[in-house]
Amino acid sequence: MASVDHLKQRKGAFRIALIPPEVLDALNDGLLETVNLNEFMALELPRLARSVAAQIGLDPASERVADTCAMLPAFKPMQRHGHIARAFYDLAGDHPERDAVAHRLATHASDVARCWATQWLPMSGLTLPEQLAAVRRFAADAHFGVREMAWMGVREATIGALDQALALLQPWTADPDPNIRRFASELTRPRGVWCPQIERLKAEPWLALPLLEPLRADPSRYVQNSVANWLNDASRTQPDWVEATCARWLAESDSAETRYIARRALRTLAKRPPEAP
């Protein structure tokens with residue numbers, strides 16, 4: 001197998017048409033991570049699915065893989081990934097070395113393959129504590145796309161056991177890894193992006209203060225943005241509480257980090273028209 005090391009430090013193409021054929025081949029063969037959305041959207045999913053299946057020990061020529069690949073055009077782009085993940089999960093269930101297959105998918109060279117591994121979690125029947133333990137490796141993944149899929153993979157379980165989730169995630173806010181700290185915030189955003197909303201936190205965002213307080217002056221901009229977005233979500237339903245929280249944080253922790261979080265957290269409220277006299 002030819003080395004793709006010389007491709008790993010590339011800058012992503014600005015348009016899909018400009019992606020070099022060598023890069024596309026490596027991406028579709030499961031040998032390389034995507035570096036931007038254009039590469040992700042340019043993937044030939046049937047080819048990648050068959051490549052990854054063979055590499056993790058599943059039969060790429062199986063009827064299940066063939067049927068799944070054939071029906072992909074009928075679904076929206078992100079839904080297609082869920083169908084591939086489900087097909088792999090079901091095939092792995094009958095495999096004599098299921099755990100080895102799962103490990104190979106979770107540690108695959110392709111970020112997209114690792115994203116499929118995160119989608120196994122809601123299919124697994126694991127309890128919330130077990131899902132959080134299993135998702136941790138993906139929450140700390142070096143690839144941004146895998147980290148996003150990680151929190152989305154356990155979102156519904158978190159909503160279903162919110163009080164337990166908030167308690168279990170508290171130690172994550174003190175983790176040395178900013179990716180882990182950010183996960184605790186991003187997973188519990190009241191609104192979030194491309195995911196179910198957390199109605200209880202829209203109505204009662206103060207329930208998550210045990211997670212947010214330790215992050216109010218976090219040194220990582222990645223974490224700061226997540227905390228600010230969390231509060232901005234909450235400002236749409238509890239604006240007075242968000243304003244009061246930011247004011248208190250600034251009074252208690254007047255650091256550059258806290259000022260940045262507060263400014264971004266209040267950005268939607270800052271656009272409100274002034275009240276009529």
Side-chain angles (χ1 to χ4, degrees), residues 118 121 126-193 195-235 237-238 241-267:
T118 71
L121 292 170
L126 296 173
T127 64
L128 176 64
E130 292 169 334
Q131 287 195 40
L132 288 176
V135 81
R136 191 179 181 93
R137 71 187 303 162
F138 303 111
D141 197 277
H143 195 279
F144 64 92
V146 179
R147 296 195 299 270
E148 292 305 301
M149 292 301 296
W151 69 260
M152 285 192 279
V154 294
R155 178 81 166 184
E156 291 193 3
T158 295
I159 294 172
L162 182 61
D163 293 331
Q164 184 183 29
L166 294 174
L168 290 171
L169 289 168
Q170 286 184 37
W172 293 48
T173 65
D175 196 274
D177 185 347
N179 291 330
I180 295 296
R181 301 196 303 273
R182 187 256 188 182
F183 180 90
S185 171
E186 200 69 16
L187 170 60
T188 58
R189 281 179 58 180
R191 292 177 178 270
V193 181
C195 63
Q197 299 185 6
I198 305 181
E199 298 299 332
R200 278 188 68 198
L201 292 182
K202 287 167 61 178
E204 303 175 275
W206 45 85
L207 295 175
L209 272 178
L211 297 185
L212 301 176
E213 290 281 357
L215 304 176
R216 67 182 185 178
D218 196 278
S220 166
R221 185 54 59 92
Y222 191 51
V223 179
Q224 294 166 22
N225 283 335
S226 181
V227 175
N229 289 338
W230 202 112
L231 291 171
N232 186 60
D233 283 356
S235 73
T237 49
Q238 292 289 352
W241 177 81
V242 172
E243 288 182 327
T245 298
C246 288
R248 177 173 61 81
W249 283 6
L250 290 170
E252 297 173 354
S253 172
D254 187 20
S255 66
E257 293 82 6
T258 305
R259 289 195 296 271
Y260 176 83
I261 290 172
R263 184 170 63 252
R264 283 187 57 82
L266 297 171
R267 64 187 185 274

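- Side-chain atoms of T258 and S255, non-hydrogen and from C-beta on, do get closer than 4.5 Å to each other.
- Once rounded to the nearest 0.5 Å, the distance linking CG of N179 with OG of S220 reads 7.5 Å.
- For the side chain to side chain donor-acceptor pair (under 3.5 Å) test with D233, the passing option among R191, Q197, R189 is R189; the others fail.
- Note: L215 CG to Q224 CD = 10.0 Å, rounded to the nearest 0.5 Å.
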* Would V227 and W249 count as a side-chain contact (heavy atoms from CB on, under 4.5 Å) if you check the C-alpha gap in whole Å, the side-chain angles of each, and the deciding distance to 0.1 Å? -> CA-CA 12 Å; V227 175; W249 283 6; 4.1 Å; yes

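- In this structure, L211 and S185 have side chains that are not in contact, with every pair of non-hydrogen atoms separated by 4.5 Å or more.
- A donor-acceptor contact shorter than 3.5 Å is absent between the side chain of Q238 and the backbone of K202.
- The closest side-chain heavy-atom distance from V154 to F138 is not below 4.5 Å.
- Nearest heavy atom pair, residue T173 against residue A184, reads CG2-CB, 4.0 Å.
- Judged by distance alone, with hydrogens and angles left aside, the side-chain atoms of S253 form no donor-acceptor pair with the main-chain N or O of L250 at under 3.5 Å.
- A donor-acceptor contact shorter than 3.5 Å links the side chain of Q131 to the backbone of L126.
- Here the CH2 atom belonging to W172 is positioned 8.0 Å from the CG atom belonging to L187, to the nearest 0.5 angstrom.
- E186 has no carboxylate O lying under 4.0 Å from a charged side-chain N of R181, or vice versa, which leaves the two without a salt bridge.
- Within the 4.5 Å cutoff, the side chain of T158 has no heavy atoms near those of the Q164 side chain.
- The backbone N or O of P196 lies less than 3.5 Å from a partner atom in the side chain of R155, making a donor-acceptor pair.
- Contact check for V242 versus L266: side-chain heavy atoms found under the 4.5 Å cut-off.
- Among all heavy-atom pairs drawn from I261 and A217, the shortest one is CD1-N, 4.5 Å.
- More than 12 heavy atoms of other residues, nucleotides or ligands lie within 6.0 Å of CD in E130, so this atom counts as buried by the packing criterion.
- Contact check for W230 versus L201: side-chain heavy atoms found under the 4.5 Å cut-off.
- The only member of D175, D141, D177 that meets salt bridge (charged side-chain N to carboxylate O under 4.0 Å, His left out) when paired with R136 is D175.
- Proximity of E213 to L209: side-chain heavy atoms (C-beta onward) are separated by under 4.5 Å at one or more points.
- Residues meeting the side-chain contact (heavy atoms from CB on, under 4.5 Å) test with E148, sequence neighbours left out: W151, M152, R182, Y222.
- By the 4.5 Å heavy-atom criterion applied to side chains, R147 and T118 are not counted as neighbours.
- Of the possible donor and acceptor atoms, one in the side chain of T245 sits under 3.5 Å from a partner among the backbone N and O of W241.
- A donor-acceptor pair under 3.5 Å is formed between the side chain of N229 and the backbone N or O of N225.
- Taking all atoms of both residues into account, the shortest heavy-atom contact from F183 to A150 is CE1-C, 3.8 Å.
- The pair R216-E252 meets the salt-bridge criterion, since a charged nitrogen lies less than 4.0 angstrom from a carboxylate oxygen.
- Separation of atoms CD (E243) and OG (S235) is listed at 8.5 Å; rounding is to 0.5 Å.
- Of the inter-residue distances, the one linking N232 atom CG with R267 atom CZ reads 4.0 Å to the nearest 0.5 angstrom.
- Rounding to the nearest 0.5 Å places CG of D218 at 11.5 Å from CG of L212.
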